[in-house]
Amino acid sequence: MARALELAERGLYTATPNPRVGCVIVREGAVSGEGWHERAGAPHAEVNALAAADARARGATAYVSLEPCVHQGRTGPCAEALIKAGIARVVAALEDPNPQVAGKGLARLREKGIDVACGLLENEAREMNVGFVSRMTRGRPWVRMKLAASLDGKTALLNGRSQWITGEAARRDGHHWRARACAVLTGFGTVREDDPKLTVREVATSRQPLRVVVDSRLETPLAAKILEGGGVLVAAARADRARIAALEAKGAEVIVMPNSAGKVELGSLFRELARRELNEVHVEGGFRLNGSLLEEGLVDEVVVYLAASIIGDAAQGMFHLPGLTELEGRKRLAVRDLRMIGPDIRVVARFV
């Protein structure tokens, strides 16, 4: 199963909107076939493994990191492929949270007399598909926020300048998180101050994430680098037809979803991204957008790069949040990973 998860990771950047899945077929103590799912529309992991195993699949055990599907989608049901190949035993790591499957694949295998077990390395399998699980169970993507700050928690000077607080190694590492995401989200303030492209450049990938700009008043400059090459969604709070037409002429799509305060309704935005089958959203915004997302409980995980430098109080912090009078009101996190990335410290933590 550990090998199946290694294979699943090969689809880390490309499998979306499908889950990342690996499969290993073992017969008489030897591996007879391996496979993984590369991209939507391509054969699933089980089908690739069965093709590699050929006749050696009969009477074998299939280790698969996610319950085999039982429905007809872009490809045929994997449960039926396993049955037809004569697999004797199936060991799955995780039950598929997709309501179209949700135990039905395992039940179908049992109906045909196949020995079935589920739960081996379940936590690892869930982590591999944390965004897919989130979309299927919560109706919104997994939201990961990336921050680069000085040791005293400052992300930019008061004038908005932030390039570069951390080093090249941290910036390269940040592109790994972009590459695995389905969308990279930022705010108009970051577009105005930094004029970023927000594309994946430091990691080899055949797919670029959707770029999303939260721009309540449709102020994104038409010459902004983020609009180059299309693949941009602008979320606004006002229906300015002239500005919308101008942005659409640049290849962007504009959606209007205001809240009662005249800002973008962020919860609705994430539900819309889930509707579009986006599993993971990577946020690279300014302290105001970061604060708004945090206040609304929409952030699941943070990836913070800390540089060994001090900027001082007269600078922007990580989050624009209301002041606290009691420590009980602080946002608590659990650190999941802590390591050096070049000269900088990287902290990966999740909100408790």
Side-chain angles (χ1 to χ4, degrees), residues 131 140-150 153-166 170-171 173-175 177-200 209-221 224-227 231-237 252 254-255 257 259 261-270 272-273 278 280-306 315-322 331 333 346-351:
R140 70 172 182 84
W142 182 263
V143 179
R144 182 180 294 113
M145 181 176 286
K146 175 249 181 179
L147 302 125
S150 60
K154 303 303 179 182
T155 60
L157 304 180
L158 275 182
N159 60 14
R161 293 179 183 172
S162 62
Q163 299 177 338
W164 299 101
I165 290 176
T166 52
R171 296 198 294 276
D173 188 70
H175 278 249
W177 298 99
R178 280 187 192 177
R180 67 172 287 165
C182 306
V184 179
L185 182 143
T186 193
F188 162 69
T190 299
V191 173
R192 178 188 59 207
E193 300 296 339
D194 296 341
D195 194 20
K197 290 183 179 179
L198 291 185
T199 53
V200 178
L210 174 71
R211 291 169 291 171
V212 182
V213 182
V214 178
D215 182 6
S216 295
R217 296 184 288 185
L218 290 171
E219 297 175 288
T220 298
K225 292 177 182 176
I226 201 168
L227 296 177
V232 178
L233 177 69
V234 178
V254 180
I255 55 175
M257 42 181 56
N259 64 14
K263 302 290 186 180
V264 173
E265 174 50 57
L266 296 171
S268 296
L269 172 59
F270 285 125
E272 171 62 18
L273 296 180
L278 303 185
E280 296 182 19
V281 173
H282 176 84
V283 177
E284 293 193 30
F287 74 121
R288 294 189 184 279
L289 177 60
N290 292 347
S292 296
L293 291 170
L294 191 56
E295 275 289 276
E296 295 192 29
L298 295 171
V299 184
D300 298 302
E301 185 172 48
V302 294
V303 178
V304 184
Y305 299 91
L306 293 173
Q316 296 178 11
M318 297 186 190
F319 303 96
H320 180 68
L321 294 168
K331 309 290 186 182
L333 299 102
R346 190 189 74 186
V347 182
V348 180
R350 291 183 181 173
F351 288 94

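As the structure is a computational prediction, the values presented were derived from the model and not from experiment. Residue numbers run from 1 in the order of the sequence given.
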Donor-acceptor contact below 3.5 Å, side chain [X] vs main chain [Y]:
X	Y	result
Thr190	Gly286	yes
Asn290	Met318	yes
Asn259	Ala261	yes
Thr155	Gly317	yes
Arg346	Ala170	no

So Arg192 and Asp215, salt bridge (Lys or Arg N to Asp or Glu O under 4.0 Å) or not? Walk me through it.
-> CA-CA 11 Å; Arg192 178 188 59 207; Asp215 182 6; over 6 Å; no

Can you name the nearest heavy-atom pair linking [X] to [Y], along with the distance?
X	Y	value
Tyr305	Gly174	OH-N, 3.4 Å
Phe270	Pro141	O-CD, 3.2 Å
Arg178	Pro209	O-CG, 3.3 Å
Ala252	Val234	CB-CG2, 4.3 Å

Any [X] side-chain heavy atom under 4.5 Å of [Y] side chain:
X	Y	value
Thr186	Ile226	yes
Lys331	Glu295	yes
Val303	Arg144	yes
Phe351	Val302	yes

side-chain contact (heavy atoms from CB on, under 4.5 Å) between Leu333 and Val347, intermediate numbers included | CA-CA 11 Å; Leu333 299 102; Val347 182; over 6 Å; no

Could Asp173 and Lys146 be called an ion pair, given the rule that one side-chain N must be under 4.0 Å from one carboxylate O?
->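 Result for this pair is no, no salt bridge flagged.
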
Before giving the answer on side-chain contact (heavy atoms from CB on, under 4.5 Å), spell out for Arg140 and Asp300 the whole-Å C-alpha distance, their side-chain angles and the decisive distance to 0.1 Å.
-> CA-CA 11 Å; Arg140 70 172 182 84; Asp300 298 302; 3.2 Å; yes

Interatomic spacing from CZ in Arg180 to NE2 in His282 - rounded to 0.5 Å |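 One gets 11.0 Å once the value is rounded to the nearest 0.5 Å.
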
State the OG1-NZ distance between Thr199 and Lys225, to the nearest 0.5 angstrom.
->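 It comes to 10.5 Å.
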
